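One structure below.
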Amino acid sequence: MLPPQRRWIREQPVSSVTSHDKLKGLQHLTVNKQNLFTSLQNFLEGLNSGSLLAEKQDLKSLQKNRTSKLHHRKSPDDILSSQVDGNIHPYTGPQMEARTVFHGELLLPEPENRPSLGPSRFFVSQSTRTSSSAETNQRLINTPTPSSHLQAGTETTCQPKSHIVFLKTHKTASSTILNILYRYGESRNLTFALPVKKHMQLFYPNFFAEHFVEGVQSQRVREFHIMCNHMRFRKSEVAKVMPEDTFYFSILRHPVAMMESLYTYYKSIAVFRKTFNLDNFLDNSLTNYMSAVSRNHYAHNTLAFDFGLNNNITSYADDLEERASMAIAAIKQDFHLILISEYFDESLILLKHALCWSLEDVVSFKLNSRSDRSRQPLLQSTAEKIKRWNALDWRIYLHFNNTFWYTVKSLIGEEQLKREVNTLRALRAKLANVCLKGGGAVDPSQLKDHKLKPYQSGKAIIQGYNLNPLTDIQTKHKCMRLITPELQYTKLLYNKQFPDLHD
Ligand SMILES: Nc1ncnc2c1ncn2[C@@H]1O[C@H](COP(=O)(O)OS(=O)(=O)O)[C@@H](OP(=O)(O)O)[C@H]1O
């Protein structure tokens, strides 16, 4: 089945913030053009432990030189209200199925002593789009073409961006975004910053380091276009690999829904394993949770952790508001755009505009979704506990949910957004009709081609897709790529990019 159509934003019972909050946020926004981040980098680096002065200087000069200025970065520095009146997502299907879990040993690559390849070695290789014609939305299967870019209601030309960092946060619909980036890059022969030694992640949960990327130490890759595998973000290191004009973006999900997903998917981690349900974990988290235990970060402020921030804080901390403000400012400093999983299609439209891509470039099927059989319904009281336990993530989410709508308003306008979302959904529906047997996702046990089975973890039943029998080779290829799960696609790109590197 296709993802259910969302009701339009004003009518939607927003899972995270009430529409009152959202509107209030919009009304109270004032544009803050001050650069208030010099000290924040110190804050971040302090949290990240072990940063060198040279790195800081490197980063500062990079930030000074950065030219890409989406207005989003000038979004208001509003002080977060401490309100936490969100609604919980309705979940159905209480049945859960036990699954075996693979624990991969993570061997960190050692950095070699070599001259640093700083951003100055890069050159920009973007084609110019000058067409002002309307989107060719009728086309079912994407062929890369120029497209126009609309900004604040005025048609202007723009250059499609191809230097991109996507911070792939956990359980936030990030695999669907990754699939979009993979398809865009593969079809244009762009180069991905893939993990060394055919690893699937950039050595998460370690802080990202330059030498985690295949082709950096060997200097065999001169220009990286897209970095999008799971990592724990560290801007100073990422900036050593990626060109100066790189567009940075990420995605957040409502911390309550995210926690329920994390709990099911990472049921095998120490602090979850000994609990019989999420409530049981939350009731004992203050005493049972130990941050030093391996993989426990999946249980506490995981968004903050992925962004490279200190995730160890709850709503009981005296300095919560101060730390939340600093965390938000740090994210704003490093990222041009923050998407919201609850508004996935709206996010894709924003992304399309920010990157100057076409609608066909961002159309996608929902990947990595759980079967309803492995979802747990949550009580309102459980949701409140989650917001208290993940108080930092909750504040980060509230802030960027607000600024998301501010960005929509000033970049596209709500009416145009609505139109484009409808067109996107129509295109997706057409694609589903052509590509997908049965039109939607199925449980892994029903998958005909086991090579397309998504990775299964914990107690989550992760769904995949069966393809229609297709005779046209090009259409079959496009459909196949749309449903190829993350691990399989990463391996495929790796083999394309480094054909001589073997397992
Ligand atoms: N398009 C779209 N819209 C809304 N939600 C979506 C979408 N695509 C994926 N998802 C949901 O995101 C969850 C998987 O997130 P990730 O892919 O980031 O997970 S992972 O960290 O890479 O394992 C997973 O959530 P749960 O099903 O609740 O676990 C997916 O259902």
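All ligand and atom numbering here is 1-based and tracks the order in the structure. These values consider heavy atoms only, across backbone and side chains, with no hydrogens, waters or symmetry-generated copies. Keep in mind that this is a model prediction, so the values were computed, not measured.
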Would [X] count as a contact of ligand 1 if the rule is a heavy atom under 4.0 Å away?
X    : answer
K168 : yes
E260 : no
M258 : no

To the nearest 0.5 Å, what is the distance between OH (Y265) and CZ (R370)?
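Spacing of OH (Y265) from CZ (R370) equals 11.0 Å.
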
Could an N or O of ligand 1 be found under 3.5 Å from any N or O of H170, whether backbone or side chain?
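H170 vs ligand 1: no N/O contact under 3.5 Å.
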
Is there at least one pair of N or O atoms, one from F344 and one from ligand 1, spaced under 3.5 Å apart?
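For ligand 1, there is no N or O atom that lies under 3.5 Å from one belonging to F344.
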
Any salt bridge linking [X] with [Y]? Criterion: basic side-chain nitrogen under 4.0 Å from a carboxylate oxygen.
X    : Y    : result
D283 : K385 : yes
E384 : K387 : yes
E360 : K478 : no

In ligand 1, which numbered atoms sit nearer than 4.0 Å to a non-hydrogen atom of S369?
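Once the distances to S369 are compared, the set is 27 (O), 30 (C), 31 (O).
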
Report, in ascending order of atom number, the atoms of ligand 1 lying under 4.0 Å from any heavy atom of L367.
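Counting atoms of ligand 1 from 1, those under 4.0 Å from L367 are 8 (N), 9 (C).
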
Side chain or backbone of [X] under 4.0 Å from ligand 1, or both, or neither, by non-hydrogen atoms?
X    : answer
T176 : side chain
H230 : side chain
T169 : backbone

Tell me whether the rings of Y397 and W394 are parallel (<30°), tilted (30 to 60°) or perpendicular (>60°).
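Y397 vs W394 ring planes: parallel.
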
Aromatic ring centroids of Y204 and H170 under 6.0 Å?
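Ring-ring flag for Y204/H170: true, centres closer than 6.0 Å.
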
